[in-house]
S.K.: 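Following this message is one structure expressed as structure tokens.
Side-chain atoms are counted along with the backbone in the values below, which use heavy atoms only and exclude waters and symmetry mates. Every chain is numbered from 1 and lettered A, B, ... according to where its sequence line falls, protein lines coming before strand lines.
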Amino acid sequence: MIQVENLTKYYGQTPAIKGLTFTVQKGEILGFLGPNGAGKTTTMRILSCFMPASKGKATVAGFDVFEDSLEVRKRVGYQPENVPLYNDMSTSAYLSFVAEIKGVHRKERKRNIEKVMDECGITDVSHKLIGKLSKGYRQRIGIAQALINDPDVLILDEPTIGLDPGQIREIRGLIKNLAGRRTIILSTHILPEASMICQRVIIINEGKLIAVDTPDNLVTSFQTDSRVLLEIEGPPEDIMKELKGIDGVVNIEKKDPISEGAFTYFVDSTLARDVRKDLFITISKNGWILTQMHTIDMSLEDIFLKLVTEEKA
Amino acid sequence: MKNTYAILKRELKSYFTSPIAYIVIFVFSIISGYFFSSIFAFFGIMCVRSINNTYLQTGLNITDGVVTPTISTLSILVLFIMPFLTMRLFSEEKKSGSFELLLTFPLRDTEIILGKFGACFITFIVMLIPTFFYQAIIFSLSEPELGPVISGYLGVILLGASFISVGILASTLTENQIIAAVVTFGVLLLFWIIQWGADFTGPIIAEILIQISILEHYQEFAKGVINTHDILFYLLFSFFFLFLTKRSLESNKWRS
């Protein structure tokens, strides 16, 4: 659905993105991750035909964003980062204006507007002036206007920024519901969000692509060791010494006590060996009491930080 | 065409939901009304004086004494007022960021420009409507010629259209409305007085300066003469600046 090839954009002398290449399949939700200033917005602006790339090629639904910009714009719903709307219009008047411009047929306009207002939960503010609405509502109107002509591709720049936790959950649910028929690209710097809604994520830093994969694959491929959390009642010195002796254990960390005589331990081991069985046997053999044991997976956040800091080093 | 109409409707609504249009029209009406009453009063005094002076009587008539000057002063007023109507057209959108959404909507640049131009033009015509009452007053009291009224207003309307085209161009260049207004005013004033230089230059340049002066072409309309080349001048002038506006919008999409 979307093909990006060697995309490069310079602002004067400074490159914002350098040789970005990736594809997005039809019906996929792709997350764009990266620290501030990584080039997320620039890429999205190029894909939505707001500005051209300096070099490289990008096609959306088979149309070149530079050569056939009008065709691309007909098929893309775009929500810019700060959701710039016309503050002097009411919600329904604004959506009606956008619907008209995006070529929604007069007969379907009313129905479409009601549908997107319902989907985005803005029906109750349909007669209010946009300028008087809260950030959360504006954000949702921004998504509503992108959806109004039922486009094949949605490009959402930071759709959940500035919302309260309840609203964030609503928007996430909304985006998930939109998937399937539509192809969605969204940018975020909230990592759990990406792993929650996106089928694939792209991590970019300083304009360069550093990783593309599913959130799960990213986690497994970048995980170098596994970590087990233990809660044990017993003498800490002995526990540390005994557990360290187990084959495969790389490191043990003792954390603050949870109750009298009981501590939390983090046990790092090599990926190749599952040490949980040995841990349990050793603990029970010594007569200590094990109250909790579970593995801790690396989060997307850890990987992100690892990748981004590695790049710098 | 459909899209142009959509933009036009939105812009027009925006003019009249904000106080801008009302204030501009109000100020314009007050000042043009003051001009009219002064011109009318002066004409009245001249009439009284001419009772005993046959020499004065020969030059006095209501068309040249009131109708033409009233309409001519409108043209100067429009020059001062127009930058305030045009300054927001693109600058406001650039400032608020809605420019980004506008450019990613499936719209041609021409449709956007014509829609905004049309909305501003209609607002300008609405602004002229109160001045029709001055003419109505003159016609109710006297019997002036109708021709100069029609040609005079045609001139003012063409003049207004060319002013708007300059204003639109200026507002695409900056996100600051004050800069847009100042640039518009400066350019318009320059085109207004540019023929002054004709006295100090060679015949060819003098002729060029006279021909590109927006005031010079208006004089004919004020006299009651409608020349095709004067109409053509204003149309070309507007077209040229709208073309530059299109280029200015396109420049956002030039590869850098």
Side-chain angles (χ1 to χ4, degrees), chain A residues 8-13 16 41 44-56 65-66 68-90 93-94 96-106 129-131 142 145-146 148-149 151 155 157, chain B residues 1-23 85 88-116 118-119 123 172 175 177 246-256:
Chain A
T8 304
K9 172 78 187 176
Y10 285 94
Y11 291 120
Q13 290 294 312
T41 298
M44 294 187 140
R45 281 181 165 175
I46 293 170
L47 288 178
S48 61
C49 307
F50 175 60
M51 58 185 185
S54 309
K55 256 188 281 178
V65 291
F66 187 69
D68 292 310
S69 147
L70 200 64
E71 292 301 316
V72 173
R73 283 182 279 160
K74 279 180 191 163
R75 289 165 176 79
V76 172
Y78 175 49
Q79 182 229 303
E81 194 172 356
N82 295 315
V83 208
L85 307 166
Y86 294 116
N87 291 336
D88 54 1
M89 297 179 97
S90 72
Y94 178 70
S96 165
F97 163 69
V98 179
E100 194 174 345
I101 272 180
K102 290 192 176 176
V104 178
H105 199 271
R106 184 184 289 275
L129 282 185
I130 294 176
Q145 66 79 22
I148 197 101
N149 60 334
I155 299 178
D157 200 350
Chain B
M1 203 54 221
K2 212 172 89 284
N3 290 338
T4 305
Y5 179 61
I7 297 272
L8 188 149
K9 259 194 320 194
R10 200 210 78 75
E11 289 293 330
L12 209 54
K13 236 189 244 169
S14 177
Y15 267 123
F16 287 94
T17 46
S18 72
I20 300 175
Y22 301 103
I23 289 176
L85 276 185
R88 53 171 289 280
L89 287 169
F90 281 99
S91 303
E92 196 180 35
E93 300 226 27
K94 282 193 152 183
K95 186 98 185 176
S96 78
S98 55
F99 188 65
E100 181 174 350
L101 257 184
L102 190 68
L103 255 57
T104 56
F105 286 148
L107 293 169
R108 286 170 216 281
D109 292 342
T110 319
E111 293 170 339
I112 301 175
I113 295 168
L114 287 182
K116 286 182 180 275
T123 312
T172 58
E175 57 167 51
Q177 296 195 29
K246 185 172 182 313
R247 278 294 140 119
S248 165
L249 276 195
E250 275 171 8
S251 71
N252 291 293
K253 306 209 166 166
W254 287 343
R255 285 180 181 242
S256 55

S.K.: Between A/S96 and chain B, which part of the residue has a heavy atom less than 4.5 Å away: side chain, backbone, both or neither?
M.R.: neither
S.K.: Please classify the contact of B/T17 with chain A as side chain, backbone, both or neither, using a heavy-atom distance under 4.5 Å.
M.R.: side chain
S.K.: Under a 4.5 Å cutoff for heavy-atom pairs, which residue among A/P80, A/S48, A/A93 has the most contacts with chain B?
M.R.: A/P80
S.K.: Within the side chain of B/K116, is there an N or O that forms a donor-acceptor pair under 3.5 Å with the backbone of B/I7?
M.R.: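 No; zero donor-acceptor contacts below 3.5 Å.
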S.K.: Between A/E81 and A/R45 (salt bridge meaning N to carboxylate O under 4.0 Å), is one present in this structure?
M.R.: no
S.K.: Is B/E92 in contact with chain A via its backbone, its side chain, both, or neither, using a 4.5 Å heavy-atom distance?
M.R.: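 No part of B/E92 comes within 4.5 Å of chain A.
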S.K.: Could you tell me which portion of A/Q79 (side chain, backbone, both or neither) has an atom closer than 4.5 angstrom to a non-hydrogen atom of chain B?
M.R.: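 When you check distances to chain B, no heavy atom of A/Q79 falls under 4.5 Å.
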S.K.: Please state whether the side chain, the backbone, both or neither of A/F50 comes within less than 4.5 Å of a heavy atom of chain B.
M.R.: both
S.K.: Near B/K9 NZ, under 6.0 Å, is it more than 12 heavy atoms from other residues, nucleotides or ligands?
M.R.: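 Above 12, so yes.
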S.K.: So what's closer than 4.5 Å to chain B heavy atoms on A/V83: side chain, backbone, both or neither?
M.R.: neither
S.K.: Quick one: do A/D88 and B/R10 make a salt bridge, cutoff under 4.0 Å?
M.R.: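 A salt bridge links A/D88 with B/R10.
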S.K.: Could you tell me whether A/K74 and A/E71 have a side-chain N and a carboxylate O separated by less than 4.0 Å?
M.R.: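 The answer is yes: the pair qualifies as a salt bridge.
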S.K.: Distance from A/T41 atom OG1 to A/I46 atom CD1, nearest 0.5 Å?
M.R.: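 CD1 of A/I46 is found 11.0 Å from OG1 of A/T41.
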